[in-house]
Amino acid sequence: MANPKLKSPPQGTNVITRRKPAAAVKTAYSQAEREEIFRRFSVQRPEPRGELEHTNPFTLVVAVALSAQATDAGVNKATRALFKVADTPQKMLDLGEDKLRDYIKTIGLYRNKAKNVIALSQMLVDDFAGKVPETREELVRLPGVGRKTANVVLSMAFGQATMAVDTHIFRIANRIRLAPGKTPDEVEARLMKVVPKHYLYHAHHWLILHGRYTCKARRPECERCVIADICKSPEKSSDVPAPLVELPPQVIGEAVE
């Protein structure tokens with residue numbers, strides 16, 4: 001059976017191809033509002049920093065891996081002595097799993113974490129010449145290193161603009177409706193789109209610190225919030241923003257969760 005001929009439009013007829021509109025990024029804030037939110041964060045904390053103590057990319061990987069389901073302050077107390085004797089993959093292997101457990105036994109899930117730290121140290125020695133890789137794809141191959149840990153390392157060790165979605169950022173993104181999502185990956189993808197590009201490098205630290213010290217899990221302290229007038233959270237208790245002043249320098253290692 002011959003293929004039926006397709007009818008062509010009459011000559012002189014303009015064929016209009018309609019493109020589907022690009023899907024809007026899910027956020028409750030206009031571009032101007034998002035600019036203002038992160039402008040205020042930048043005034044409040046011009047150079048925000050992570051609160052895990054480390055001396056090099058390797059100790060950062062270990063510290064972040066140990067911080068799962070633990071506080072930064074608790075990890076810092078355990079790693080101060082550890083990193084004095086094992087600040088490279090080979091030194092960690094020389095220390096061994098049993099002695100490593102003694103250093104980190106105050107941290108939750110320390111037995112499994114010790115196994116992962118030894119395993120990732122071995123992989124760094126065997127596959128990466130003892131150096132921490134600089135790509136997410138390679139980092140997540142390391143035992144105990146997930147996407148969040150990889151993003152922290154890429155940002156803090158190698159200066160890449162990433163969004164490490166921890167419990168604080170996940171809560172904030174949903175609570176204030178900045179980038180709501182059901183999973184950390186979904187929130188990460190949306191935040192990467194809604195955060196103004198020129199603020200993206202520091203954005204995950206600003207959001208973490210905002211969630212840790214102001215927009216707290218049990219009760220957000222709206223009276224201390226510099227974006228209270230912009231915030232669209234149904235939980236907020238104040239529309240009056242706190243004075244926009246630069247905060248004192250962070251004291252790394254003494255953070256209170």
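- Salt bridge status for Arg141 with Glu137: absent, with no side-chain N to carboxylate O gap under 4.0 Å.
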Side-chain donor-acceptor pairs of residues 192-199 under 3.5 Å, sequence neighbours excluded:
from	atom 1	to	atom 2	distance (Å)
Lys197	NZ	Met192	O	3.2
His198	NE2	Glu35	OE1	3.0
His198	NE2	Glu35	OE2	3.4

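- Within 6.0 Å of atom NZ in Lys105, 12 or fewer heavy atoms from other residues, nucleotides or ligands are found, so the atom counts as exposed in its surroundings.
- When the options Leu66, Thr79, Asn76 are evaluated for a side-chain contact (heavy atoms from CB on, under 4.5 Å) with Leu52, the one that passes is Asn76.
- Partners of Thr106 under the side chain to side chain contact (heavy atoms under 4.5 Å, CB included) rule, at least two apart in sequence or in another chain, are Ala78.
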Test side-chain contact (heavy atoms from CB on, under 4.5 Å) applied to Ile118 and Met92, step by step
CA-CA 7 Å; Ile118 294 298; Met92 193 66 74; 4.2 Å; yes

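- Within the structure, side-chain hydrogen bond (donor to acceptor under 3.5 Å, both in side chains) contacts touching residues 87-103 (residues at least two apart or in different chains) are Asp87-Lys91, Gln90-Asp94, Glu97-Arg101, Asp98-Arg101.
- Atoms NE2 and CE, from His204 and Met156 in turn, are 7.0 Å apart once rounded to the nearest 0.5 Å.
- With sequence neighbours excluded, no residue forms a side-chain hydrogen bond (donor to acceptor under 3.5 Å, both in side chains) with Arg177.
- Under 3.5 Å, the side chains of Thr183 and Glu186 contain no donor-acceptor pair of N or O atoms.
- Each side-chain hydrogen bond (donor to acceptor under 3.5 Å, both in side chains) pair with one or both residues in residues 107-124, not counting sequence neighbours, appears once here: Gln122-Asp126.
- In this structure, the separation between CG on Leu60 and CG on Leu154 is 10.0 Å, given to the nearest 0.5 Å.
- For Thr27, there are no side-chain hydrogen bond (donor to acceptor under 3.5 Å, both in side chains) partners two or more places apart in sequence or in a different chain.
- Here the shortest heavy-atom pairing between Cys222 and Ala228 reads O-CB, 3.9 Å.
- Note that CD1 of Ile208 and CD of Glu51 are 9.0 Å apart. Values are rounded to the nearest 0.5 Å.
- Looking at heavy atoms from C-beta onward, Pro46 lies in side-chain contact with Glu246 at the 4.5 angstrom threshold.
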